[in-house]
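Step one of this worksheet: look at the structure below.
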Amino acid sequence: MNSQLLKELNLDPHDYQEIVRRLKKEPKIVELGLFSAMWSEHCSYRSSKKYLSQLYTKGDQVIEGPGENAGVVKLTDSQYLTFKVESHNHPSAVEPFQGAATGVGGIIRDIFTMGARPIAGMDSLHFDYPNSARSRFLLNGVVEGISFYGNCVGVPTIGGETHFASCYDENPLVNAMVVGILDKANLRRSIAKTPGAKVIYLGAKTGRDGLHGASFASGVLDEDRKQRKGSVQVGDPFLEKLLIEATLEIIQEDLVEAIQDMGAAGITSSSVEMAGKGELGIRIDLDKVPRREPGITPIEIMLSESQERMLLIAKQGKESQIKEILGKWELDYAEIGIITETGCIEIFTGETCHCNVPIQLLLDPPENTTKPIRNPRIKTLVSNVPNCVPVEQTEAVLLQQIKNPNFGSKHWIHDQYDSTLFAGTVEKPGLGPSCIHIHGTDQYVGMALLSRGELCSIDPYEGAKTVCAIAARRITSLGLTPTAITNCLNFGDPTQEHTMWEFSESIKGMNDALSVLKAPVVSGNVSFYNEGEKQRIYPTPVIGMIGTGSLPNKPTLYFPQSGLICAVVGKTKKEYIQTDSIPRIDILLEKKTQDIIRQFILESTISSCISIDRGGLWYALVKSMLPKHIGLHIYKIFQEFTPGSYLLSESNSRYLIAFPSDHLDRIQNHLHGIAPLDIIGKTIENRFIIEGVMDLAISTIKEWHHQSLTQYFE
Amino acid sequence: MFKVTINVDPKKDILDPQGKTVQHALLNLGFLHTEQVRIGKHIVIQLQVDSKEEAHAMGVKMCQDLLANPLTEEYSVEVEPC
Amino acid sequence: MLKVGVVIFPGSNCDLDAIRAVETVMNVKAVPLWHQDNTIDTDAVILPGGFSYGDYLRPGAIASHSPIMQAVKIYASNGGPVIGICNGFQILTESGLLPGTLLRNTTTRFISRDVSLLVTSNQTPFTKGFAVGQKVTFPIAHKDGNYQADPSTLQTLQENNQIVFQYVENPNGSLHDIAGISNKERNVVGLMPHPERALSDWTRTSDGVPLFQSLLSHLEAHV
């Protein structure tokens with residue numbers, strides 16, 4: 001076999017030998033193409049599988065765990081929620097607008113494929129600092145891409161996170177999460193059931209878009225890789241909107257037995273996975289596949305990653321009804337194949353057979369056996385948080401902190417996303433967790449999508465644990481109960497022992513947190529090879545948590561009025577992010593505190609509540625004060641702290657709460673023996689005062705906060 | 001002074017969702033011979049330079065640096081005196 | 001039995017919100033009208049927001065040529081109440097049912113935020129329940145909401161009291177801070193902000209409720 005072809009397919013020579021050994025013959029070109037796609041890290045999870053199988057995934061609320069297009073949890077007796085987060089890092093590094101747009105399109109398809117209407121999205125973005133021109137180019141393109149696609153397709157983007165650190169210079173991270181809602185009866189899976197059933201292709205025609213995308217995402221991003229690819233994938237949100245409506249109508253009418261979108265590795269992965277899960281075979285006639293350009297070859301059709309395409313397996317006898325619905329939405333209908341009993345995937349043009357291999361071989365690549373071993377020479381550069389702020393510098397340090405793009409306002413981003421579509425969004429983006437009302441029920445769904453790469457790079461075990469704890473803390477601040485999580489695990493090169501050490505430690509950390517928080521993992525995505533030629537990213541597990549519940553009052557994250565007592569729940573210690581240590585987390589204490597805080601909210605004991613996490617109490621205060629211009633008069637003596645170092649401590653398991661003074665006894669009684677209550681002051685109109693130290697108008701704080709991104713973009 | 005006329009169009013092998021949707025609409029309106037629609041940008045720039053060659057070279061550089069996305073678009077540059 | 005039609009074009013995405021507003025605030029049946037339909041038998045028509053035909057070419061351009069819009073033209077000329085919200089407003093200007101046009105925001109970016117509006121006419125079926133000069137808050141979410149018209153059109157709009165909503169702080173560059181207008185006969189109204197997303201204080205503001213109540217009382221009095 002010529003080595004040029006192996007290189008083009010990004011197929012390792014050892015894998016090639018293994019394929020020949022298992023097939024007991026020389027594979028044909030198309031067969032080799034299928035192996036290259038299905039055995040790629042992106043499709044096969046060959047490095048991560050054995051770790052992922054240890055994840056905490058069980059719970060009464062779980063209807064569908066990892067393995068499907070998206071996870072499913074119970075909301076009410078008749079309705080389910082489905083959700084997932086997915087990465088589109090490498091395409092966004094090359095073409096940020098289309099990379100991000102098609103990333104959003106892909107995750108939305110995963111959701112409606114399950115039979116659900118997508119109702120809200122969030123994004124986790126990581127770039128180099130915006131003083132770099134390339135970083136600004138990437139951020140601008142990614143935000144415009146998400147805005148263009150999400151707004152047009154009609155899924156509100158209700159929040160998320162954007163972080164800046166120099167390690168994301170060559171390899172930015174673009175992770176998108178979407179939540180959907182479905183009636184119990186409409187849940188569909190991607191398992192073929194009936195030999196003889198017709199395989200139907202719908203959506204966009206097939207072009208040479210994003211050829212080898214799966215293998216593209218399975219290698220380090222160097223110049224060679226940036227050049228070596230088919231044409232850029234272009235997203236069409238209008239077509240996707242038609243696909244949503246048509247697919248949901250087809251599912252509502254109960255016309256399909258299985259359905260899957262064509263994501264990475266296009267027709268190949270969708271057909272192989274659906275037939276494979278049902279332990280059946282599939283036969284595809286390539287002449288029937290709608291194509292956009294002449295001369296496209298069989299292997300190109302099989303590996304094309306043209307967007308907005310779905311593959312479904314019709315219930316027998318329902319084909320004409322499907323065709324009718326597609327016609328109504330002006331979508332093409334093509335019967336391209338049939339489910340068989342052979343257990344093989346057979347691909348034909350006319351009488352010519354291009355491929356006939358057992359599907360289970362495609363689904364069973366050799367495992368990556370790289371041992372997880374720490375390499376102490378790999379040092380991470382994390383900028384220290386100021387931990388000893390001299391009293392006279394308090395104001396300067398605090399203001400500088402909120403002008404920093406990592407901590408300041410992200411309104412420049414959020415204002416470009418439609419966040420109010422479906423009229424259920426409870427709060428504007430930018431306060432941490434987001435929350436939507438499910439119409440026609442008393443149920444609210446909270447969403448928190450976050451990561452702490454800098455913590456994980458210092459200590460991947462404690463870091464991952466902390467990320468889960470913070471997600472649950474944010475959900476709790478809405479008065480909701482953590483239900484389940486999805487994760488996007490962004491790491492470096494999996495053939496490096498150190499990467500696998502970071503990965504396995506993160507998995508352990510997540511498990512130890514989630515099993516206590518009772519929030520199982522129901523879906524997720526692994527993105528390895530996030531490295532450029534010069535540097536590797538922080539290990540960046542991104543957690544997307546949802547919480548659910550009914551609420552007696554509108555959740556209030558910020559100060560609603562003046563005259564309330566303001567206090568910190570939980571012990572503030574001298575804990576900061578240092579190059580060799582991060583704040584500790586006691587997950588049992590975290591859980592106990594969450595349960596009490598939730599009770600306070602549900603019983604209306606407290607008037608506002610926000611999680612203290614990234615950026616410490618200061619950042620929680622800024623978010624609490626700005627929305628209604630209600631400030632705070634701090635009169636507490638900070639014991640062994642200077643005011644600045646108290647405000648910037650990142651100790652875990654803490655909340656900032658405000659309440660009427662006559663509730664004080666009740667609050668103290670409940671917290672007794674679990675967490676201290678540090679009363680720090682009283683809410684006041686329009687000003688932020690630390691007695692004897694500083695006195696600022698809220699409008700001044702707002703001005704500084706507001707500039708964090710606009711200083712680079714306007 | 002030269003007038004530089006630049007057309008930026010989606011590359012031939014790239015999907016053009018806008019062109020495709022407009023083609024569909026034209027067919028619906030009864031323009032049944034509509035085989036293909038591609039939609040690009042038409043940019044006119046006046047340049048105060050000495051020669052036609054210089055104007056052309058500058059137009060091409062503008063496309064490479066800003067006006068066209070080399071990954072998804074192709075361009076043509078025409079120059080005439082004005 | 002009163003019925004309100006909600007037109008669905010390929011790419012409409014605020015149709016569910018409009019239907020919910022009709023059914024919850026007005027307690028009236030909402031009837032989906034398909035873009036291929038060419039007759040209308042409802043008591044009012046809503047053209048909802050979204051991205052009909054992906055906003056390709058120009059927002060509203062392709063939708064304005066659909067069969068249902070020919071029917072809406074006849075319906076409006078017979079005095080039927082019609083409201084276009086966001087993309088619906090763009091479709092109304094593209095089809096000539098309202099004067100002027102909606103251009104790209106002067107910021108060139110999509111803008112999604114809550115805006116404060118001044119009600120400047122309560123002479124339409126949709127604004128009877130507001131007081132002139134009243135301030136209301138609705139969300140906006142658009143990239144092409146910059147209303148422009150030639151000077152004589154603006155003069156006509158002013159003289160006939162056809163300006164219905166004005167922005168308190170102009171977000172998109174609209175001429176004369178115009179956020180919404182009506183036709184001369186006042187039965188056709190278009191606006192960029194989204195009253196159907198402003199129905200509950202839990203989701204930030206309930207200022208949109210009187211708009212749907214106005215329509216209900218208008219229909220009860222006239223149908």
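A note on names: the letters A, B, ... follow the listed sequences, proteins ahead of strands, and every chain is numbered from 1.
When the shell of 6.0 Å around CD of B/Gln64 is examined, it contains more than 12 heavy atoms from other residues, nucleotides or ligands. Remark: B/Phe31 CZ is loosely packed, at most 12 non-hydrogen atoms of other residues, nucleotides or ligands lying under 6.0 Å away. No more than 12 heavy atoms of other residues, nucleotides or ligands sit less than 6.0 Å from atom NZ of A/Lys323. No more than 12 heavy atoms of other residues, nucleotides or ligands sit less than 6.0 Å from atom CD of A/Glu324.
Atoms CG and CZ, from B/Leu15 and A/Arg292 in turn, are 4.5 Å apart once rounded to the nearest 0.5 Å. The distance from atom CG of B/Leu71 to atom CD of A/Gln233, rounded to the nearest 0.5 Å, is 12.0 Å.
The shortest side-chain heavy-atom distance between A/Glu330 and B/Asn28 falls under the 4.5 Å cut-off. The closest side-chain heavy-atom distance from A/Val234 to B/Pro17 is below 4.5 Å.
Contacts of B/Lys20 with chain A are made by side-chain atoms alone, with heavy-atom separations under 4.5 Å and no backbone atom involved. The part of B/Asn69 that comes within reach of chain A is its side chain, from C-beta onward, which places non-hydrogen atoms under 4.5 angstrom from that chain. Of the two parts of A/Glu95, the backbone and the side chain both hold a non-hydrogen atom closer than 4.5 Å to a non-hydrogen atom of chain B.
Judged by distance alone, with hydrogens and angles left aside, the side-chain atoms of A/Arg208 form no donor-acceptor pair with the main-chain N or O of B/Ile14 at under 3.5 Å.
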